[in-house]
Each structure stands twice: as C-alpha cells, then as structure tokens.
Amino acid sequence: MNAALYRLPRNLKLDASTRLLDLGCGRGAILRNLDDQLQCDHPPVGLDLSREMLRHAQRDEGNPRRGAGLVQGAATALPFQDSAFNLVLCGHLVKFMDDVDVVGLFAEVRRVLEPGGLAVVWEFGPTGNPRLDAWNARVVSPRGPRPRLRSERTLKRLATDAGFEFTREADLRPFLLPPVPRSSVLLGRPPEDYTPLRLA
Ligand SMILES: C[S@@+](CC[C@H](N)C(=O)[O-])C[C@H]1O[C@@H](n2cnc3c(N)ncnc32)[C@H](O)[C@@H]1O
C-alpha cells in the first residue's frame, strides 16, 4: 500500500470510532490496513462494482473480518443511509467517469457523510505537459479507455458543484507505483492542524 495512505490515521487524527467507507475498495487492502491500525468499533465497509474484486477481497489472507462489510454496488448510487459514515475514501475511482458522474458521486459521498465528516479523494493527475500526460494516460490504462487526469483544482470544483462547502488539497504523497502524479483532495473540514506528513 502507498505510504501516504498508511499515514492517514495520524494525519487525520482518526481513532476507533471511525465509521469508514471505502469506495472502489478493490481487494480491500486499504480497508484492512486502516482497520488494523484503528481497531474500528464499527466494521469498515468496502464497496466495489466488481464482484470478482470483492471475491478476491474476501479470500485475501489477513482479512480479520472476512467478507464482513463488503458490498457490491455503484459508487454513484450508494446503498447506505444518510449520515452513515464519518470518513469516506475514494481512491483511483474517478478517472473513467465524466464530470457529471463525478458530481453525482460526490453528492452521494456528501449524503452518506455525517455533518462534520470527511472524504479523501485521490486519483492520477496531470503534469501540465501534454506529451507527458498522454504517455502517463497510456501507463495508467494501456488497453482500456483513455483516463481523465484531473487536477486538484478540478476535483475541488466538482466537489463544490456537489454541495461541499469546504474543500482543500490533501497533498498525499508519496505514491510510488505507478510513477504518475496524483491529485488528492479533502472534502469537508479537516482537523485544524492538518499537515500532511511526507516522506523525504
Ligand atoms: C484501481 S482500483 C482502486 C483500488 C483502491 N481504491 C486504490 O486506491 O488503490 C478501482 C476499483 O474501483 C472499482 N470501480 C470502478 N468503477 C466503480 C464504480 N462506479 N462504483 C464502484 N466501484 C467501482 C473497480 O472495480 C476497482 O476495483
């Protein structure tokens, strides 16, 4: 798992009371790692569109809550009640979505977050150099559709369109693999003294 995510509990001052939802959880690696660190009172929930991914997540070694909290569904239509979570993660999920779907997704994230809750969003981002971005897009999606490499500014604008009042750059780093820059944003108000810890 990338170091930036491993340090989220410390950076966001999370504790066992965290009610965590991981959208596009894949094999559940982030979910398991954060649950191990926090020993969450409420089993964290991972949602993914892919049943195959969720089967892998269920089977993976070291999943202390095997299968519990894994839900199949679309992140743009969440099968959860309003205010059900206080932390929502959304990693590497929006690159193949158009802006309308991203706004819809962020609106759903806002709905399921309790007041004062926080969402962390990260995705492959642009470099500002069109030729390098075209190369990076092929690295990210060699055979699939062309991904959208959005800046933090664009992600924040889409979140504002979805109704989030507070947005800021999360500055999560480093992400080592693949070697493509990431855009990362916090939706909602982070702790007063939020200072992303970076490795040198
Ligand atoms: C690249 S993986 C990201 C895994 C992890 N979140 C991370 O950041 O490393 C993207 C995951 O999102 C899932 N996914 C794609 N579109 C989705 C959607 N609309 N709703 C829910 N999950 C989706 C895919 O099945 C895949 O498991």
Side-chain angles (χ1 to χ4, degrees), residues 1-9 11-12 14 18 20-38 44-60 62-63 67 69-80 84-85 87-113 118-125 136-150 152 155 158-159 162 170-187 196:
M1 190 170 92
N2 277 293
L5 305 172
Y6 185 79
R7 293 194 310 274
L8 275 180
N11 292 5
L12 295 177
L14 305 176
T18 302
L20 170 66
L21 170 64
D22 186 8
L23 296 178
C25 65
R27 297 179 76 128
I30 298 169
L31 209 59
R32 282 196 303 278
N33 181 284
L34 294 189
D35 195 20
D36 283 349
Q37 289 193 59
L38 296 170
V45 177
L47 176 135
D48 204 285
L49 198 55
S50 159
R51 290 184 196 281
E52 192 186 343
M53 277 295 175
L54 293 176
R55 269 197 297 275
H56 282 302
Q58 241 161 351
R59 277 200 300 260
D60 276 353
N63 185 348
L70 295 175
V71 175
Q72 193 273 331
T76 44
L78 294 175
F80 307 115
F85 302 94
L87 179 67
V88 177
L89 305 182
C90 186
H92 297 131
L93 180 62
V94 298
K95 61 185 155 300
F96 297 124
M97 292 183 185
D98 63 23
D99 285 359
V100 172
D101 280 348
V102 176
V103 172
L105 162 68
F106 287 166
E108 277 292 82
V109 169
R110 184 167 171 267
R111 180 183 68 74
V112 301
L113 271 177
L118 198 61
V120 189
V121 179
W122 63 94
E123 186 52 278
F124 296 105
N136 283 343
R138 279 197 297 275
V139 170
V140 167
S141 178
R143 286 171 296 279
R146 195 183 169 104
R148 292 177 193 231
L149 305 178
R150 294 181 173 93
E152 285 161 345
L155 290 175
L158 297 175
D171 225 358
L172 296 181
R173 62 182 73 172
F175 283 87
L176 299 177
L177 292 172
V180 174
R182 305 306 200 275
S183 298
S184 60
V185 293
L186 294 176
L187 314 183

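Keep in mind that what you see is a predicted model, and the values were worked out from it rather than measured. Remember, it's 1-based here, ligands and their atoms both numbered in the order they're listed. Side chains are part of it too, since the values below use all heavy atoms of this structure and drop only hydrogens, waters and symmetry mates.
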Passes salt bridge (Lys or Arg N to Asp or Glu O under 4.0 Å), Arg55 versus Glu52? Steps please. CA-CA 5 Å; Arg55 269 197 297 275; Glu52 192 186 343; 5.7 Å; no

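Both the backbone and the side chain of His92 come within contact range of ligand 1, each with a heavy atom under 4.0 Å.
Near Met53, with a cut-off below 4.0 Å to any heavy atom, the atoms of ligand 1 are 27 (O). Those atoms of ligand 1 that come under 4.0 Å of a heavy atom in Met97, given as number and element, are 19 (N). The distance from ligand 1 to the heavy atoms of Trp122 drops below 4.0 Å at these ligand atoms: 8 (O). The Ala74 neighbourhood of ligand 1 comprises atoms 20 (N), with distances under 4.0 Å to a heavy atom of that residue. If you number the atoms of ligand 1 from 1 as listed, the ones under 4.0 Å from a heavy atom of Gly26 come out as 27 (O).
Here the heavy atom of the protein found nearest to atom 5 (C) of ligand 1 is Gly24 O, 3.5 Å. Scanning the protein heavy atoms around atom 22 (N) of ligand 1, the nearest turns out to be Leu49 N, 3.1 Å. Taking atom 20 (N) of ligand 1 as the reference point, the nearest protein heavy-atom neighbour is Ala75 N, 2.9 Å.
The aromatic rings of Phe124 and His92 sit parallel, their planes meeting at an angle under 30°, below the 60° perpendicular limit.
Side-chain atoms of Cys25 and Leu89, non-hydrogen and from C-beta on, never get closer than 4.5 Å to each other. A heavy-atom distance below 4.5 Å is found between the side chains of Asp98 and Asp101. Side-chain atoms of Leu8 and Gln37, non-hydrogen and from C-beta on, never get closer than 4.5 Å to each other.
Counting heavy atoms only, Asp48 comes closest to atom 24 (C) of ligand 1 of the residues Asp101, Asp48, Leu5, Asp22. Ranked by closest heavy atom to atom 16 (N) of ligand 1, the top entry among Val140, Leu93, Leu31 is Leu93.
Side-chain atoms of Arg32 come within 3.5 Å of backbone N or O of Arg27 as a donor-acceptor pair. A donor-acceptor pair under 3.5 Å links the side-chain atoms of Glu108 to the main chain of Leu78, judged by distance alone.
The shell of residues lying under 4.0 angstrom from ligand 1, judged by heavy atoms, includes Gly73.
Considering backbone and side-chain atoms together, Gly91 places an N or O closer than 3.5 Å to an N or O of ligand 1.
Taking both residues in full, the closest heavy atoms of Val45 and Leu31 are given as O-CD1, 3.6 Å, listed atom of the first, atom of the second, then distance.
Few gaps surround CZ on Arg182; more than 12 heavy atoms of other groups in view lie less than 6.0 Å from it.
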